Amino acid sequence: MSSPHSPGTHAEPGTHPGPAGTRSAGVPAEPAPAAVGRAVDRVDAPAKVTGRARYAAEFPYEDLAWAAFTYATVTRGRITAIDTAAASALPGVIAVITHLDAPRMKPSPKPNPIRSMESMATATSVDYLNTPEVHWNGQPVAVVVAEDPETAAHAAESVAVTYEVLPHSADFAAEERHAVPQRNSVIQHASGTKGDADAALAAAPVSVDLRFTTPRHHHNALEPHATTAVWDGGRLTVHDGTQNIHWLRSQLATKFDVPVGDVRVLAPFVGGGFGGKSMVWPGTILTALAARVTGRPVRAALTREGVYRSVGGRQPSVQRVAIGAERDGGLTALIHTSTAPMGKVGGAPEQITSVARHMYGAEHIRHRQYTLGLDTLSTTNMRAPGESIGSFAMEAAVDELAYELGLDPVELRLRNEPSSNPIDGKPFAHRQLTECFANGASLFGWPARSFEPRSMREGSSLVGWGTAAAYHPAWQLPANVTVRLDARGRALVRCAFHEMGMGTATAQSQIAADALGVPFEAVTVEYGDSGLPTGPGAGGSAQTASVASSLLEACEKLKKSIGTPREGESYAQLLARTGRDHAEAVVGSETRVGKRVGQVRFTAKYLREQRRWMKAACGAHFCEVRVDADTGEARVTRWVAVFDVGRVVNAKTAASQLRGGIVMGIGQALTEQTLLDPRTGRIMNPSLSEYHVPVHADVPRIDVSWLDDPDPTMPLGIVGVGEVGITGVAGAVANALHHATGRRLRDLPLTLEKLL
Amino acid sequence: MRPFAYVSARDVESAVEAVAEHPGARFLGGGTNLVDLMREGVERPRTVVDISRLPLTGIEELPDGGLRIGALVRNSRLAADPLVRSRCPVLAQAVLNGASGQLRNMATVGGNLLQRTRCPYFYDTASRCNKREPGAGCDAMEGFSRSAAVLGTSGECIAAHPSDMCVALAALDAVVEVRSVRGTRRVPFGELHRLPGGTPHIETALDGDELITAVELPPLPLAARSRYRKVRDRASYAFALVSVAAALEVRDGAVADVRLALGGVGAKPWRAHEAEALLRGAPAVEESFRRAADAEFAAAEGRSAPTGMPDSRRAADADGQGARAGNEFKIELGRRTVVAVLRRLADEGSGA
């Protein structure tokens, strides 16, 4: 799958401002081998392994001060007294800022994708430090600024807050009955029907009707959230580990009532996000506020606990999946409903039931989502929001139906593979799920599986094999890009996209190299800076395709502007021959009106495309689990997954992304859960020692591959790989556990007491 | 973290003097637990007496065939020691099952004995905890109790002792040597940790100014056939839900001698005396093992869903409340693990 390749001395990205492109001349003129598709080392690897790559909390500033936060300890209340005397008296404390003295900030915009996409970055409706009201257990109620981080943390602990406790409920179980149907929006189908699924279910000769639950999850990116904020008069510079530079910039401009152009956001490297860094959380805003109040550059690096207190996580859910089938396995009815709480102050409802629209060719389909508000922090997007936990329930239910029918679970899926999108009959842009299952079954050795549960014991281990489908829709976002080619054959790509570890800069270098006919090593990419052309957010597995679309357009424009080379001549040589130093092409406008026009144009085209095609990535998981017959401890011991993700730009980083999704899915299946005490709304395991992500010893060899067949409707045929990997994983594990033990577990995580 | 005074001790003498002179002082060994708790604001010593340079790092054989382990021997070194590995594999295995490689390189034997509970309500200073603040109340009782103990708990505290190493030491009849300005004394391991009763904040029989200098293991040929089994949520870096340390000698199909201790289930490292008594002389078969395990857990008290909690089949499961439903499962899990370990020792030996 991989061909060895060394990118040589690729210019270090993410070092802005400064001269672009540090590579020496002497780039050969002969046509370069195609870069797209190769397993290229990531261009930022040397910077990362040598520590030169700077993250948000690592940019040096003279006179830097440190901020730390005091977090509320009540569920819902009003601050009646706040004693900052002890904190202020500590040597080294510069300021203690509370709602009593904080400057007023403008409210954050209400999230509304039609009015402005930037408004979607509003994490909560709370006016932090501009109100005595406390809306969740963990809300920041004071900011301390000190000369060093230890003093700031100590002082933050020393702020004494008295609350009037207000009526509250953070208890999902108690409030579930108050859930209301979620409304459809331009970005999400919260419900849908085809035919009469309830009648069909009642009439079906074979059926299952099941209830599943999934817990809260947190992202636990390796880099906890951090911000460095610097004001220069009315201009604000912010280093922040954000997944959405443009949205953050717009939100800060609103909050502090300054022109967008006066805010600069830098995020050259982000230490993992998984959705936890898409919205603008209070730590970022309050660091900028602290810098404004003190007139000093201020840095805040959240503790792990601080992340749990002030950054939202994935919604917990209760789901029903009911499936009716003919005796031959043909599905007649498919019902998928979900209930999931958000915070009363905000939250992103996940498309938990979206898989019901796309996965199986049932004659009758009904899906619907219900939501409710709790007195907790807003929930937020986390890797494959919706599909991740929705596919757990769906894929586990399909497996249960297979056993009701006495059919192999792969066979049942193949018999119900639709030829068009099940809910509305729209054609698939590209869907090779059948091939994924065929290849995966063969690689895994699935035909050797015995159908009966508890039939594959080895010593004191019960062995089980499970399978599940993976699915994630393909999206695109607008991106502005500039490309420059000089007469020495060096190319420079500029776009404010995000590098959270996925290898985005590497992939775009590969794409630009092929488009311009230059070697991969001759391309420099600048990114992670709001001073660059506006990029897409890193979310929805959309970044690579989104940037590629504009990048390809820019390269075509650029070549056209240079002219037609003679036979055997490169575009760079043509530039040199005609006495030009360089040429540049721009896609997208950075003016306010231009941006708006661009967005409208993009949206119109995008919606047209979406109406025409159903676009998605899909795949097939196969796994083996071993369960200790005495204790019920379950460990995953083998994994094979085959994906249909269109064209793969970089075989190395794509494999890492898909594998990483599976690792995260194994955590979701077996161990991960955020423990929110329903009495208080307080998270009781805000640490990596008590929130159990998989450790190395939990992760087996994971064999990932892909069909590498371009999606004809996507730029370069690219479909994103960031999220599809996690979908279906928990379902596959639950199915394997059933095969091992004969027990059906429907409540994540699948911990051992549920098997005893 | 609050500011504190730091004293680096040159020798044992000056260490115990320093701690006697500074009320509220704490000894700092590997720091893997103390520093963590100081960061969380749970431990707030005014003075920290660094003992990490004291010459208490030896592992020696005693004239009677026992072993003397210095209090500052690092966990990784203890687990790798050839004498420890051959004479009491249960101890080496227990240590290797604890924490992570990085933590074991720092953590000391003495510090491990004084490790504090991982009860989430003890760690969270916004919660009520009788151990942290005598008389405050206990939020764990009606809260997340999955990590809590089922043996030796009280109406004031249900916290479990988290150590793996201590479980092995409890099985091995270790003796702890402590030193203070008043002299040296030896504390049998079974008397080192106290049950919570009405005073869960008092965790050991040691005075605040006493320094653990060594742990001694009496000669115990039986210990060469011993095992440690830890049951946990993930394969590494997780505290025990249940753990079992056992040594077994079978002669003519009957249990000639046995040592058994439990972790993850007790308010202190739990020596299973009842089970041992039933096992001695009994046929070394599954049925005896099961009867012994049942007897040891007869007094166990698990927590199911607290009154007023919704049926655990409902949304309760979804929001982490499945875990809130309690720790009752540990009783059956504990029994099963005891049986499994004894069965394996009878069949295969120590695996060392």
Side-chain angles (χ1 to χ4, degrees), chain A residues 71 73 90 137 150-151 153-154 157-158 170-176 211 213-216 303 305 316-318 339-341 460 628-633 635 670-671 673-680 682 684-687 689-690 692-698 747-749 751-754 756, chain B residues 1-3 36 39-41 99-100 118-121 123-127 139-140 142-144 146-147 229-239 241-242 309-330 332-333 336-341 343-344:
Chain A
Y71 301 102
T73 54
L90 291 171
N137 199 325
E150 292 79 15
T151 302
H154 179 203
E157 272 176 51
S158 309
D171 189 335
F172 181 19
E175 301 299 319
E176 186 188 353
R211 177 189 169 285
T213 66
T214 65
R216 272 172 211 277
T303 60
E305 179 185 351
S317 76
V318 177
T339 305
S460 64
D628 186 290
D630 291 304
T631 63
E633 286 162 291
R635 306 283 187 252
L670 293 177
T671 55
Q673 59 180 333
T674 303
L675 301 175
L676 182 129
D677 193 319
R679 299 169 297 178
T680 58
R682 193 163 175 82
M684 294 311 300
N685 60 338
S687 73
S689 71
E690 306 301 326
H692 289 167
V693 299
V695 298
H696 268 289
D698 293 309
D747 304 287
L748 295 182
T751 45
L752 58 84
E753 67 266 38
K754 294 165 188 170
L756 283 179
Chain B
M1 197 188 285
R2 273 138 219 272
D36 201 19
R39 284 213 176 105
E40 300 285 339
S100 65
R118 306 302 296 205
C119 175
Y121 298 92
Y123 254 75
D124 177 34
T125 53
S127 297
D139 278 336
E142 302 293 316
F144 295 116
R146 192 164 180 270
S147 72
R229 172 78 165 93
K230 181 175 183 179
V231 180
R232 49 182 155 179
D233 283 327
R234 59 182 173 189
S236 173
Y237 194 51
F239 289 91
L241 293 165
V242 165
M309 280 292 296
D311 179 339
S312 65
R313 293 297 307 159
R314 291 191 45 227
D317 309 334
D319 210 358
Q321 298 170 35
R324 190 169 181 247
N327 63 352
E328 212 166 21
F329 74 94
K330 284 185 173 181
E332 177 57 17
L333 180 64
R336 289 190 190 197
T337 312
V338 166
V339 173
V341 171
R343 187 204 300 136
R344 194 145 176 217

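No experiment lies behind these values; they were computed from the predicted model shown. Residue numbering restarts at 1 for every chain, and letters A, B, ... go by the order of the sequence lines.
Under the rule for a side-chain contact (heavy atoms from CB on, under 4.5 Å), the partners of A:Thr151 that lie at least two apart in sequence or sit in another chain are A:Val93, A:Ala146, A:Asp148.
Heavy-atom distances place both the backbone and the side chain of A:Leu756 under 4.5 Å from chain B. Of the two parts of B:Asp124, only the side chain, counted from C-beta on, holds a non-hydrogen atom closer than 4.5 Å to a non-hydrogen atom of chain A. Contacts between B:Arg232 and chain A at a heavy-atom distance below 4.5 Å involve backbone atoms as well as side-chain atoms. With a threshold of 4.5 angstrom between heavy atoms, A:Ala629 approaches chain B through N, CA, C or O but not through any side-chain atom. Proximity to chain A is absent for every atom of B:Tyr123, based on heavy atoms less than 4.5 angstrom apart. Heavy-atom distances place the side chain of A:Asp628, and not its backbone, under 4.5 Å from chain B. For chain A, no part of B:Ser100 is nearby; none of its heavy atoms comes within less than 4.5 Å.
Side-chain contact between B:Phe239 and A:Glu690 is present, with at least one heavy-atom pair separated by less than 4.5 Å.
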Step-by-step side chain to side chain contact (heavy atoms under 4.5 Å, CB included) determination, A:Asn685 to B:Phe144 = CA-CA 10 Å; A:Asn685 60 338; B:Phe144 295 116; over 6 Å; no
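Looking at A:Arg679, its side chain does come within 3.5 Å of a backbone N or O of B:Asp139 through a donor-acceptor pair.
Closest non-hydrogen pair, A:Asp630 versus B:Arg336, comes out as O-CD, 2.9 Å. Nearest heavy atoms, B:Leu333 versus A:Thr631: CD1-O, 3.5 Å. Taking both residues in full, the closest heavy atoms of A:Thr73 and B:Ala126 are given as CG2-CB, 3.5 Å, listed atom of the first, atom of the second, then distance.
With chain B as the partner, the residue from A:Glu305, A:His696, A:Glu157, A:Glu633 showing the most heavy-atom pairs under 4.5 Å is A:Glu633. Note on B:Lys330, B:Glu40, B:Glu332, B:Arg229: by heavy-atom pairs under 4.5 Å with chain A, the leading option is B:Arg229.
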